[in-house]
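Side chains are part of it too, since the values below use all heavy atoms of this structure and drop only hydrogens, waters and symmetry mates. Computed from a predicted structure; not experimentally measured.
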Number of protein chains: 2
Amino acid sequence: MPRPRVLPYIILGLLNKNGTMSGKDMISEFKTDISEFWTVSHSQLYPELQRMVDEKQIKVAEDVEVKDRKVINYVIEAKGQETLKRWLAEPITLKNDELTSLKLYCISDQRAPILQQILKQCLALHQQKVVHLKARKELLFGDESAIKGNYGHYLILSRAIERESDYVNWLQSKIN
Amino acid sequence: MPRPRVLPYIILGLLNKNGTMSGKDMISEFKTDISEFWTVSHSQLYPELQRMVDEKQIKVAEDVEVKDRKVINYVIEAKGQETLKRWLAEPITLKNDELTSLKLYCISDQRAPILQQILKQCLALHQQKVVHLKARKELLFGDESAIKGNYGHYLILSRAIERESDYVNWLQSKIN
DNA sequence: GAACGCATGTAAATCGTTACATGATTCA
DNA sequence: TGAATCATGTAACGATTTACATGCGTTC
């Protein structure tokens with residue numbers, strides 16, 4: 001069972017959000033706005049675009065505009081919009097939570113129901129994380145004398161708890 | 001230029017911290033204490049252990065103890081300790097910062113100079129991140145009317161700023 | 001019109017995961 | 001003794017990165 005792919009969905013998300021885009025445009029947006037969370041090289045992007053055209057997820061935009069250059073512009077197809085919708089609606093799990101920011105990035109409309117759905121699932125997941133991490137800290141460092149001999153471990157565990165707790169608070173503040 | 005490897009250093013870190021360990025022991029510690037930050041499959045671990053024995057970074061521990069099972073125990077060698085030391089001392093950059101938690105995990109002693117060194121570099125890096133993210137937010141959403149049409153983007157950018165700011169505060173609290 | 005830049009494209013090498021395999025130990 | 005379990009080991013595939021390649025357009 002191959003690892004689930006990310007790139008095709010980001011491509012769909014960008015095209016759905018921005019309309020017509022070239023590969024170059026996508027690379028540019030990846031770098032400026034998405035590199036904080038995810039990166040991709042152009043040697044992955046271009047073959048993927050071809051594959052997605054074959055799959056009818058996207059199509060080449062016959063722009064009357066700028067065809068001076070060898071730029072290829074793409075637009076999303078109906079099938080692609082459904083694929084994107086299904087991806088956004090997938091349940092959030094420990095395994096795929098690293099993609100949640102990317103999913104949110106693809107949602108332009110503040111009132112989209114899927115947005116609240118994602119935030120709520122994310123909240124539940126990270127609340128569990130906090131519980132788990134706190135239990136782990138209590139187990140390992142409940143006796144504070146254990147901190148001395150494993151200070152680095154203690155540090156990152158403490159930090160993880162703070163980080164997750166902050167995230168939980170933020171998520172709650174964004175949920176209706 | 002191949003991507004820098006992580007696994008060998010974690011192996012060295014664990015052996016340096018715990019003394020004698022088998023592959024199974026490492027897998028176990030990966031799962032319980034490190035899975036929050038990093039994962040590895042056993043099919044990666046075992047060949048890597050063999051490679052590191054060949055390189056004299058570690059060696060098989062001739063335990064008189066439990067040799068009933070086919071368990072193979074390892075200990076770190078002097079060369080491995082130097083390799084580990086060099087890794088911990090590498091400058092922290094945007095590229096390798098995702099490994100910082102793993103590095104901290106390998107440092108048992110609260111008073112180790114390398115600990116403060118890492119925390120300070122990490123602080124500088126994330127302070128820069130905050131500056132960059134805030135500038136980006138000002139540029140994109142300084143005009144609040146822009147939020148409506150790109151709400152997801154606004155959300156994750158805002159969250160990133162809070163997350164990084166919290167991290168900066170935490171780092172400062174841990175620095176002498 | 002020759003050289004360079006740039007969007008796109010291709011190849012090779014590496015990394016990492018899943019699935020499967022081995023051989024020893026335990027236990028019924 | 002034979003089945004099951006377990007630590008270790010191997011194979012195959014997909015994903016990702018680096019390096020290199022193509023070919024159009026601009027510019028000097």
Return the value, rounded to whole Å, for the distance between atom [atom1] of [X] and atom [atom2] of [N].
X     : N      : atom1 : atom2 : result
A:M26 : C:dT8  : CE    : C1'   : 13 Å
B:Q50 : C:dT22 : CD    : C1'   : 13 Å
A:L49 : C:dG9  : CG    : P     : 8 Å
B:I27 : D:dG9  : CD1   : P     : 11 Å
B:E48 : C:dT17 : CD    : C1'   : 16 Å
A:D25 : C:dA7  : CG    : P     : 9 Å
B:L45 : D:dC6  : CG    : C1'   : 15 Å
A:R51 : C:dG9  : CZ    : C1'   : 13 Å

Under 4.0 Å between a side-chain N/O of [X] and OP1 or OP2 of [N], yes or no?
X     : N      : result
A:Q44 : D:dA15 : no
A:R5  : D:dG14 : no
A:K24 : C:dA7  : yes

Practice item. Select one nucleotide: of C:dC20, D:dA7, D:dC20, the one nearest the side-chain heavy atoms of A:H42. Key: D:dC20
Review point. Of the nucleotides D:dG23, D:dA7, C:dG9, which has the atom closest to the B:V71 side chain?
Key: D:dA7
Point to revise | With A:W87 via ring-ring contact (aromatic ring centres under 6.0 Å, His included) - residues at least two apart | key: A:Y9
Check your understanding: Using 30° and 60° as the class limits, which term best fits the ring planes of A:H42 and A:Y46: parallel, tilted or perpendicular?
Key -> perpendicular
Check your understanding: So what does A:S28 touch, heavy atoms closer than 4.0 Å: a base, only the sugar-phosphate, or nothing?
Key -> nothing
Review point. NA contact type, A:I72, heavy-atom cut-off 4.0 Å: base, sugar-phosphate, or nothing?
Key: sugar-phosphate
**Study point:** No-hydrogen, no-angle side-chain donor-acceptor test under 3.5 Å, B:E29 and B:Y105
**Key:** yes
Review point. If you measure only the distance, is there a donor-acceptor pair under 3.5 Å linking the side chains of B:D25 and B:S22?
Key: yes
Please report, to 0.1 Å, the donor-acceptor pairs under 3.5 Å made by any side chain of residues 91-99 of chain B, with sequence neighbours excluded.
{"residue": "B:T93", "atom": "OG1", "partner": "B:K95", "partner atom": "N", "Å": "3.3"}
{"residue": "B:T93", "atom": "OG1", "partner": "B:N96", "partner atom": "N", "Å": "3.3"}
{"residue": "B:N96", "atom": "OD1", "partner": "B:T93", "partner atom": "N", "Å": "2.8"}
{"residue": "B:N96", "atom": "ND2", "partner": "B:P91", "partner atom": "O", "Å": "3.0"}
{"residue": "B:D97", "atom": "OD1", "partner": "B:T100", "partner atom": "OG1", "Å": "2.8"}
{"residue": "B:D97", "atom": "OD2", "partner": "B:H126", "partner atom": "NE2", "Å": "2.7"}

Review point. Is a donor-acceptor pair below 3.5 Å formed from side chain B:S43 to base C:dT18, judging by atom type as modelled?
Key: yes
